[in-house]
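Heads up: the structure comes next, in structure tokens.
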Amino acid sequence: MESRKHILFVDDDQNFLAGLFRSLHTKAGQWKMSSANSADEAIEALAQESTDVVVTDFRMGVKDGLELLQMIMSSELTCDIPVIMLTGSDESTLKQRALELGATDLLGKPVVREDLIARISSAIRLKESQDELKTMNQSLETRVRDRTAELEQSRLEMIWRLAKAGEYRDEGTGNHVLRVGYYCKTIAEEMGADQDFIRRLFLTSPLHDIGKIGIPDAILKKCGTLTPEERAIMQKHCEIGAKILAQPHSDQCSPWISSTSAQAGCASDDNDLIEMAASIALAHHERWDGDGYPRQLAGNQIPIEALIVAIADVYDALSTARTYKPAFSHEKALEIMRSEQGTHYSPDVFAAFEASLNRIFTIQDEIKDQFHDESLDVARKAA
């Protein structure tokens, strides 16, 4: 029998905690729920028992929720635990600060039971992915000294799993990241790129939207048109993704990375992958005419890898169904994109895209939207 997931609720209002526990009583068979009344008490509880998710209020006594978040993120033992922050509607600056410090999600008060269950469930899935990656890394450490094809395979799998973890926040996208990877590979081949560039592009392009993990569900999963304020928050996923990918690894959370990478002779290659992944995450919504975001780059100021991903990303978004729209036909998608050739897209990259359409149609037919790990098997075969 699968063990229950442990959820720790932190609030200095015992009546509020009691109300939460009553509202969540139907989840008692799946979740073990415990509580702490202060940040220090929460840290002590985390040291004593394995925890899958922390749900904490911001406004507490001596130490607030942000201070607790900092303590959790700074410890090797707890830095991979997803933290959901409960905030008031008047605390807009706090929300951005919480995301910057490492909060997984934000939920406004008063808390709606269904929203809380959905956020905790999403955080549990994220923790499961992180735990799986951690287990893989621990196993990899004993084998990485042998610079073999097995190391390359493990690296590929970790990248794809990270991309799939990002999709848990945007469940309507199916195998979007997998198709984008193949489209980019096909376009780069048509452009005559060297094999090393093609390989790195194939590995890193699925991470283009990883920054969406930092966008609140209310915006990310909204079915209607976003308000200007919501759109501005959504656009931050580019910078969030770049920060996630470009930020140096924590010596506390991964003390073995530097030594084992050096022993395997793969540090330089890893750096190249991280650099390209961060470049794509940041610039894949820039436009050829300079009217994109977040930095309004234009023309060849935009990295070539981001120019390729921009076309692959838009084509797949147009030609597949999403929660907020049906799929356009190939013809309609191409009509829309051709109208923006030379404004949204690089003329040279778009020409390579059009020259690759037969292969791209085949890829789309073969890789349907399936919400499980069959996409990893496809990626393994391509490595």
Side-chain angles (χ1 to χ4, degrees), residues 163-164 166-167 170-191 193 198 201-202 204-212 220-226 231 234-235 237-238 241 280-281 283-293 299 302-371 375 378-379 382:
K164 294 298 289 183
E167 283 192 335
D170 192 6
E171 295 177 353
T173 57
N175 275 329
H176 169 70
V177 296
L178 183 60
R179 288 190 296 269
V180 166
Y182 275 96
Y183 296 161
C184 289
K185 179 176 182 288
T186 301
I187 295 169
E189 288 172 343
E190 182 65 33
M191 295 179 70
I198 293 170
L201 180 63
F202 177 69
T204 58
S205 55
L207 298 174
H208 63 280
D209 274 340
I210 192 65
K212 286 184 177 179
L220 184 65
K221 298 184 178 182
K222 183 176 179 179
C223 293
T225 303
L226 297 179
R231 185 171 299 278
M234 175 66 86
Q235 289 179 353
H237 80 272
C238 296
I280 289 170
H284 70 285
H285 282 294
E286 301 287 1
R287 291 170 53 103
W288 188 252
D289 60 6
D291 198 28
Y293 63 87
I302 307 170
I304 184 63
E305 58 266 20
L307 292 170
I308 295 172
V309 172
I311 291 176
D313 184 31
V314 172
Y315 172 73
D316 194 69
L318 291 173
S319 59
T320 56
R322 297 292 175 87
T323 55
Y324 53 86
K325 72 164 192 68
F328 290 128
S329 66
H330 293 310
E331 294 76 14
K332 181 62 176 177
L334 292 173
E335 177 186 343
I336 294 171
M337 295 180 70
R338 283 167 178 155
S339 70
E340 295 192 296
Q341 182 181 4
T343 55
H344 190 162
Y345 313 111
S346 157
D348 291 341
V349 179
F350 196 87
F353 163 70
E354 290 206 285
S356 307
L357 282 175
N358 287 337
R359 284 185 289 165
I360 286 173
F361 293 160
T362 299
I363 291 166
Q364 190 169 55
D365 288 341
E366 291 179 349
I367 306 177
K368 303 295 186 182
D369 283 338
Q370 303 168 31
F371 298 93
S375 58
V378 177

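Every value quoted in this text rests on a predicted model; they were computed, and no experiment measured them. One is the number of the first residue; the rest follow in order along the sequence.
- Scanning both residues, I311 and M337, for their nearest heavy atoms gives O-CE, 3.6 Å.
- Between C184 and A312, the closest heavy-atom pair is SG-CB, 3.7 Å.
- Ring pair Y315/H330 is parallel by interplanar angle, where below 30° counts as parallel and above 60° as perpendicular.
- When T362, I363, I187 are each tested for a side chain to side chain contact (heavy atoms under 4.5 Å, CB included) with Y182, only one passes: I363.
- With values rounded to the nearest 0.5 angstrom, F350 atom CZ is found 13.5 Å from W288 atom CH2.
- A heavy-atom distance below 4.5 Å is not found between the side chains of L201 and K185.
- Here CG of L307 is found 12.5 Å from NE2 of H284. Values are rounded to the nearest 0.5 Å.
- For the salt bridge (charged side-chain N to carboxylate O under 4.0 Å, His left out) test, residues two or more places apart in sequence or in another chain that qualify with D289 are R287.
- Judged as a side-chain contact (heavy atoms from CB on, under 4.5 Å), and not counting sequence neighbours, the contacts of R359 are T186, E189, E190, S356.
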Checking Y183 against D313 for the side chain to side chain contact (heavy atoms under 4.5 Å, CB included) test, could you report, in this order, the C-alpha distance in whole Å, the side-chain angles of both residues, the deciding distance, and whether it holds? CA-CA 9 Å; Y183 296 161; D313 184 31; over 6 Å; no

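- Annotation: the span from I308 atom CD1 to D348 atom CG amounts to 11.0 Å, rounded to 0.5 Å.
- Under the 4.5 Å side-chain criterion, counting only non-hydrogen atoms from C-beta, I304 is in contact with V349.
- Checked against side-chain contact (heavy atoms from CB on, under 4.5 Å), I336 has the following partners two or more places apart in sequence or in another chain: L318, F328, K332.
- The aromatic ring centres of H208 and H285 sit 6.0 Å or more apart.
- Taking R338 as the reference, E354 meet the salt bridge (charged side-chain N to carboxylate O under 4.0 Å, His left out) condition, with sequence neighbours excluded.
- In this structure, I367 CD1 and N175 CG are separated by 7.0 Å, a value rounded to the nearest 0.5 Å.
- L334 has its side chain within reach of L357: a pair of non-hydrogen atoms, C-beta onward, lies under 4.5 Å apart.
- Contact check for T320 versus R179: side-chain heavy atoms found under the 4.5 Å cut-off.
- The two residues P347 and G342 have their closest heavy-atom pair at CG-CA, 4.1 Å.
- Listed by chain and number, the residues in a side chain to side chain donor-acceptor pair (under 3.5 Å) with E305 are S279 (sequence neighbours excluded).
- Not counting sequence neighbours, the partners of A281 by the side-chain contact (heavy atoms from CB on, under 4.5 Å) test are L245.
- Scanning all heavy atoms of the two residues, the minimum distance from I210 to G241 falls at CG2-CA, 3.9 Å.
- The minimum heavy-atom distance between G181 and S205, with the atom names listed, is CA-OG, 3.3 Å.
- Within the 4.5 Å cutoff, side-chain heavy atoms of V314 are placed close to those of H344.
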